[in-house]
Amino acid sequence: KIRGKEFEMMDEITRISVSKLSALLAKKEISAVEAANAYLEKIQSLNSEIGAYISITAETALKQASEVDRLRAAGEKLSPLAGIPAGIKDNICTKGIPTTCASRMLENFKPPYNAFVVDLLEGQHAVILGKLNMDEFAMGSSNETSYFGPVKNPRDTSRVPGGSSGGSAAAVAAGLAAFALGSDTSGSIRQPAAFCGVVGLKPTYGTVSRRGLVALASSLDQIGPLTKDVKDCAMVMESIAVQDKWDATSVCHPNPEFTKGIENGVQGLKIALPKEFFAAVSDEVKNAVLAAAKQYEKLGAKVEEVSIPHLKAAHSACFVISAAEASSNLGKFDGIKFGYRAQNCSSVDDIYKLSRSQGFGKEVKRRILLGTMFLSTGYYEKYYSKSLQIRTLICNDFKNIFERYDLILTPTTPTTAYKLGEKQGDSLDIFMGDICTSSVNMAGLPALSLPCGADSQGLPVGMQLIGKAFDEQLLFRAAYAYEQNANIGQRKD
């Protein structure tokens with residue numbers, strides 16, 4: 001039995017926010033071991049149904065939790081994340097713990113080092129529960145391409161959780177992690193956050209180190225948090241937005257105190273509502289986001305319709321760039337130095353061919369082939385070079401809007417979560433799932449998805465707030481104001 005009247009069951013620990021759990025741990029009303037056990041017990045009972053975790057590191061988690069309790073008993077000053085149970089997407093390297101990228105190619109790969117963000121979390125004594133399921137090599141928008149099987153949406157287990165960070169979003173939504181880390185290349189944090197009804201942030205490019213992240217598209221990828229509420233997201237970001245001298249793309253964030261001023265509201269802010277984002281979304285999603293815009297007006301913000309002329313082209317260009325970079329990044333998986341190696345090969349050529357054809361899934365092979373074509377003679381100028389030009393145009397579109405507005409409000413996804421298997425074989429339909437999110441990665445801007453209601457079937461609808469580069473602090477402030485004032489059942493501290 002857990003100490004204190006607040007908890008009658010272990011399950012209740014997994015329902016509270018990071019900020020509240022952190023306060024209870026600091027006051028010693030519960031112990032880190034009790035918190036870890038609560039989450040591990042819930043993982044044991046639910047993970048077989050949801051499929052959020054590929055690897056569960058129970059022994060390591062309990063050792064880390066025990067160390068937190070020892071340090072706290074000794075009077076050590078600890079981080080707000082000390083003792084908080086977390087899950088890590090399985091394309092983020094963890095020393096001695098399998099990092100599979102949800103692929104047969106890396107099924108038995110155990111990195112000899114941690115990703116920089118994992119070192120940061122462990123240095124602040126967060127408790128790592130395990131590695132989370134995902135689309136294979138982060139290629140997908142439904143979490144159905146994983147070699148280890150699909151993840152199911154905790155809001156409705158007949159539906160997809162979104163991808164590629166579907167395991168991360170599902171774990172947070174189901175109470176299998178207090179928070180999780182995911183990666184976002186064209187919407188892979190925000191889309192599953194919207195489908196599962198949680199909060200997800202894609203930070204400004206360079207804010208979080210990518211060292212130790214298995215790359216999909218190096219110029220687009222960013223690691224970011226998925227959490228139960230906005231304040232939790234800001235807390236986690238404060239812990240991982242640290243410059244890494246060994247990552248050439250890592251930068252020093254000018255305003256890293258993301259929780260500072262989070263309660264200051266939106267009075268006087270100017271919010272842009274780009275009409276192109278609403279052209280391809282369902283009526284229920286559109287109505288929910290427009291209702292959120294009305295709520296912002298009630299809170300004192302000014303909302304106006306604007307245009308982003310190159311949005312449609314930006315989505316296709318993002319796919320071309322990501323496929324081209326993926327083709328290059330995945331060239332190292334050849335069955336020679338590490339990863340899956342095909343058996344009974346008669347030559348080096350056979351090792352290359354069979355290892356890659358057997359080790360990679362269908363979607364990964366499709367994107368490698370397309371990416372190789374985009375970079376080849378005769379197609380480079382037609383596709384890849386043109387996509388880079390479109391990238392410049394979309395950056396200019398955003399720049400022009402931010403000269404007049406503080407934030408941009410859009411839907412996160414065109415629809416709510418769809419049925420498992422519903423879009424299998426329809427690559428174009430799945431491809432359209434990140435039409436609202438991919439342009440943000442092209443421009444390297446920060447964007448946050450949070451719930452803004454539900455459709456007629458009770459499925460979460462997500463809205464996206466886009467900010468200027470390195471303006472995460474304002475994103476959190478605006479998201480928090482909406483979360484605390486909208487009557488849609490969100491968590492309120």
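Note that the numbering runs from 1 along the sequence shown for the chain. The basis for the numbers below is simple: all heavy atoms, side chains too, and nothing from hydrogens, waters or symmetry mates.
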S.K.: Decide yes or no on side-chain contact (heavy atoms from CB on, under 4.5 Å) for Y113 and C93, but give the supporting numbers first.
M.R.: CA-CA 7 Å; Y113 58 89; C93 288; 3.8 Å; yes
S.K.: Sort and list the pairs that fulfil ring-ring contact (aromatic ring centres under 6.0 Å, His included) and have at least one residue in residues 436-474, not counting sequence neighbours.
M.R.: H253-F470
S.K.: Do Q44 and L40 have side chains that get closer than 4.5 Å, going by heavy atoms?
M.R.: no
S.K.: Where is the tightest heavy-atom contact between A82 and L25, given as atom of each residue plus distance?
M.R.: O-CD1, 3.6 Å
S.K.: Are R159 and Q457 close enough that a side-chain donor and a side-chain acceptor fall under 3.5 Å?
M.R.: yes
S.K.: Taking the side chain as everything from C-beta on, heavy atoms only, tell me whether I308 gets closer than 4.5 Å to F277.
M.R.: yes
S.K.: At their closest point, which heavy atom of P85 faces which heavy atom of L129, and how far apart are they?
M.R.: CB-CD1, 3.5 Å
S.K.: Nearest 0.5 angstrom please: I321 CD1 to S186 OG, how far?
M.R.: 11.5 Å
S.K.: Does the side chain of S158 come under 3.5 Å of the side chain of K419 through a donor N or O and an acceptor N or O?
M.R.: yes
S.K.: Applying the salt bridge (Lys or Arg N to Asp or Glu O under 4.0 Å) test to R211, which of D247, D244, D221 qualifies?
M.R.: D244
S.K.: Could you go through T207 and Q222, starting from their C-alpha distance and side-chain angles, then the distance that decides it, and tell me whether this counts as side chain to side chain donor-acceptor pair (under 3.5 Å)?
M.R.: CA-CA 8 Å; T207 295; Q222 268 292 273; 5.1 Å; no
S.K.: Enter the distance from Q484:CD to I262:CD1 here, rounded to the nearest 0.5 Å.
M.R.: 8.5 Å
S.K.: Keeping T94 on the side-chain end and I97 on the backbone end, is there a donor-acceptor pair under 3.5 Å?
M.R.: yes
S.K.: By side-chain contact (heavy atoms from CB on, under 4.5 Å), which residues pair with S218, not counting sequence neighbours?
M.R.: R210, A215, E325, N329
S.K.: Report the C-alpha distance between W246 and F116 in whole Å, list the side-chain angles of each, state the deciding distance to 0.1 Å, and finish with yes or no for side-chain contact (heavy atoms from CB on, under 4.5 Å).
M.R.: CA-CA 9 Å; W246 298 110; F116 185 69; over 6 Å; no
S.K.: Please lay out, stage by stage, how V208 and M237 fare under the test side-chain contact (heavy atoms from CB on, under 4.5 Å).
M.R.: CA-CA 9 Å; V208 180; M237 269 300 293; 4.1 Å; yes
S.K.: Walk me through whether Q124 and S239 qualify under side chain to side chain donor-acceptor pair (under 3.5 Å).
M.R.: CA-CA 8 Å; Q124 295 172 74; S239 299; 3.0 Å; yes
S.K.: Using a 3.5 Å distance criterion without hydrogens, assess whether the side chain of Y53 forms a donor-acceptor pair with backbone atoms of L176.
M.R.: yes
S.K.: Between T204 and K468, do the side chains contain an N or O donor and an N or O acceptor separated by less than 3.5 Å?
M.R.: no
S.K.: Can you see whether E284 engages T416 through a side-chain donor-acceptor pair at a distance of less than 3.5 angstrom?
M.R.: no
S.K.: Do you know which two heavy atoms are closest between A35 and L21, and how far apart they sit?
M.R.: CB-CD1, 4.4 Å
S.K.: Any heavy-atom pair between the side chains of I240 and L181 that's under 4.5 Å?
M.R.: yes
S.K.: Is there a donor-acceptor pair under 3.5 Å between the side chain of E67 and the backbone N or O of Q64?
M.R.: no
S.K.: Please check this pair: side chain of S17 against backbone of K20, looking for a donor-acceptor N/O pair closer than 3.5 Å.
M.R.: yes
S.K.: Answer yes or no: is there a side-chain heavy-atom contact under 4.5 Å between I50 and N153?
M.R.: no
S.K.: Considering only heavy atoms from C-beta outward, does the side chain of K228 approach that of V198 to under 4.5 Å?
M.R.: no
S.K.: Got a donor-acceptor contact below 3.5 angstrom from the N133 side chain to the I54 backbone?
M.R.: no
S.K.: Quick one: pull up CG in L201 and CD in Q464 and give me the separation to the nearest 0.5 Å.
M.R.: 10.5 Å
S.K.: Check the side chains of S250 and Q243 for a donor-acceptor pair under 3.5 angstrom, ignoring hydrogens and angles.
M.R.: no
S.K.: If I compare all heavy atoms of P274 with all of T410, which pair ends up nearest, and what's the gap?
M.R.: CD-CG2, 4.0 Å
S.K.: Sub-3.5 Å donor-acceptor pair from the side chain of N47 to the main-chain atoms of I43, do we have one?
M.R.: no
S.K.: Answer yes or no: are there more than 12 heavy-atom neighbours, outside E297 itself, under 6.0 Å from its atom CD?
M.R.: yes
S.K.: Do the side chains of K63 and E59 get close enough for a salt bridge, i.e. N-O under 4.0 angstrom?
M.R.: yes
S.K.: Would you kindly say whether S183 and K89 are connected by a side-chain donor-acceptor distance under 3.5 Å?
M.R.: yes
S.K.: With K423 as the cation and Y418 as the aromatic partner, state whether NZ or CZ is under 6.0 Å from the six-membered ring centre and within 45° of the axis.
M.R.: yes
S.K.: When you compare the side chain of V127 with that of I84, does any pair of heavy atoms fall below 4.5 Å?
M.R.: no
S.K.: G163 and Q191: which non-hydrogen atoms are nearest, and at how many Å?
M.R.: N-OE1, 2.8 Å
S.K.: Find out whether F137 and L216 are in side-chain contact, i.e. whether some heavy atom of one side chain is under 4.5 Å from a heavy atom of the other.
M.R.: no
S.K.: Test side chain to side chain donor-acceptor pair (under 3.5 Å) on S449 and T412; report intermediate values, then the result.
M.R.: CA-CA 6 Å; S449 177; T412 306; 3.0 Å; yes
S.K.: Roughly how far apart are E422 CD and T415 OG1, rounded to 0.5 Å?
M.R.: 8.0 Å
S.K.: Nearest 0.5 Å, what's the CG-OG distance between L121 and S79?
M.R.: 9.0 Å
S.K.: Considering the options R477, Q473, E238, which one meets the side chain to side chain donor-acceptor pair (under 3.5 Å) requirement together with T259?
M.R.: E238
S.K.: Ignoring hydrogens and geometry, is there a side-chain-to-backbone donor-acceptor pair from S103 to T100 under 3.5 Å?
M.R.: no
S.K.: Could you tell me if K270 sits above the aromatic ring of Y405, with its cationic atom closer than 6.0 Å to the ring centre and no more than 45 degrees from the axis?
M.R.: yes
S.K.: Assess whether a salt bridge exists between E12 and R15, defined as any Lys/Arg side-chain N lying under 4.0 Å from an Asp/Glu carboxylate O.
M.R.: no
S.K.: Spell out, as yes or no, whether a donor-acceptor pair under 3.5 Å connects the side chain of N143 to the backbone of G167.
M.R.: yes
S.K.: Could you check whether any side-chain N or O of D232 sits under 3.5 Å from a backbone N or O of V18, counting only pairs where one atom can act as donor and the other as acceptor?
M.R.: yes
S.K.: Please list all pairs meeting salt bridge (charged side-chain N to carboxylate O under 4.0 Å, His left out) that have one or both residues in residues 116-138, counting only residues at least two apart or in different chains.
M.R.: D90-K131
S.K.: Is the shortest side-chain heavy-atom distance between I408 and I271 below 4.5 Å?
M.R.: no
S.K.: Would you sort out whether C436 and V281 count as a side-chain contact (heavy atoms from CB on, under 4.5 Å), showing the intermediate values?
M.R.: CA-CA 9 Å; C436 298; V281 304; 4.1 Å; yes
S.K.: Can you tell me how far the CG atom of L132 sits from the OG atom of S165, to the nearest 0.5 Å?
M.R.: 9.0 Å
S.K.: Could you check whether S164 and S188, counting side-chain N and O atoms only, form a donor-acceptor pair closer than 3.5 Å?
M.R.: yes
S.K.: So, T14 side chain and D11 main chain: donor-acceptor pair closer than 3.5 Å or not?
M.R.: yes
S.K.: Identify the two heavy atoms, one from P414 and one from V285, that lie closest to each other, and give their separation to 0.1 Å.
M.R.: O-CG2, 3.8 Å
S.K.: Taking side chain to side chain donor-acceptor pair (under 3.5 Å) as the criterion, tell me which of D184, T437, D434, T413 meets it with R190.
M.R.: D184
